[in-house]
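Each ligand, and each atom within it, is numbered from 1 in the order the structure gives.
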Amino acid sequence: MQSLSSDLDVWERAWATYDEATYRTALSYIRPQDVVLDIGAGDLRFARQAAGIARHVYAIEMQPKLLTHQPPRPQNLTVICADARHLIWPNTITAGVLLMRHCTQVKPYASRLRALGCRRLITNARWGMDVELMALDQRIDWQQVEIGWYACLCGQTGFVAGPPEKVSEKVTWQVAEVENCPDCSNVR
Ligand SMILES: C[S@@+](CC[C@H](N)C(=O)[O-])C[C@H]1O[C@@H](n2cnc3c(N)ncnc32)[C@H](O)[C@@H]1O
């Protein structure tokens, strides 16, 4: 029988830590009034630090072995051992955290957070590199991008090509926050 997590990417299911600079950047986006949902929290090393700043942190991790032999938890840290995809999330979340470079589930996670009224997702999953603060507000439709880089709510990033005369410094560096990109329907 296949396990529940078998349809996740093999890297996504694996536990790996990030460096302190990555955690520091992610922590810099957390505010004292935040209710944080840390999706794929690993051994809670980030969630514990986040709980030192935020009002409350919900940490979801599917691997029970990472949650055993833990020191006492702060009172404002709730730990849930489950698959985040199949869990009802609290409707008080103000900031999602997704530190998981290989995540294939950005679209459902971002959409669910947005539906709950959450406006911020702190993640390294979209570009697969550094941590960014992703705004979950309404964004422009991909079709409106004439030329240049885009980053979609679904997690995909790309470049819309255009005529050479339209290329400028702004086009090179600016990233349009979009939804409904061509990959949206292919993403789970
Ligand atoms: C790359 S590790 C990062 C851990 C943690 N975010 C950190 O930065 O220290 C990703 C973690 O996400 C967990 N994970 C992946 N998909 C999950 C899901 N759907 N539900 C719960 N945990 C998940 C994995 O078990 C793994 O521990």
Atom CD of Gln143 with >12 non-hydrogen neighbours under 6.0 angstrom: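 Counting other residues, nucleotides and ligands, CD of Gln143 stays at 12 neighbours or fewer.
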CH2 (Trp11) with more than 12 external heavy atoms under 6.0 Å: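 Atom CH2 in Trp11 is not packed in, count stays at 12 or less.
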Pairwise, report which nitrogen or oxygen atoms of ligand 1 are under 3.5 angstrom from protein nitrogen or oxygen atoms, and how far apart they are.
unit_1	atom_1	unit_2	atom_2	d
ligand 1	6 (N)	Gly40	O	2.7
ligand 1	6 (N)	Leu99	O	3.2
ligand 1	8 (O)	Tyr23	OH	3.3
ligand 1	9 (O)	Tyr23	OH	2.7
ligand 1	19 (N)	Asp83	OD1	2.9
ligand 1	19 (N)	Tyr109	OH	3.1
ligand 1	20 (N)	Ala84	N	2.8
ligand 1	22 (N)	Met62	N	3.3
ligand 1	25 (O)	Glu61	OE2	2.7
ligand 1	25 (O)	Gln63	NE2	2.9
ligand 1	27 (O)	Glu61	OE1	2.8
ligand 1	27 (O)	Glu61	OE2	3.2

Between Asp9 and Thr104, a side-chain donor and acceptor under 3.5 Å: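 No, no side-chain donor-acceptor contact under 3.5 Å.
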Side chains of Val131 and Leu99 in contact at under 4.5 Å (non-hydrogen atoms):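 Counting from C-beta outward, Val131 and Leu99 do come under 4.5 Å.
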Heavy-atom closest pair, residues Asn180 and Trp142: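 Closest pair (atom of Asn180, atom of Trp142, distance): O-CB, 3.4 Å.
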Residues Gln144, Arg139; criterion side-chain hydrogen bond (donor to acceptor under 3.5 Å, both in side chains); working and verdict: CA-CA 11 Å; Gln144 287 177 252; Arg139 35 195 51 230; over 6 Å; no
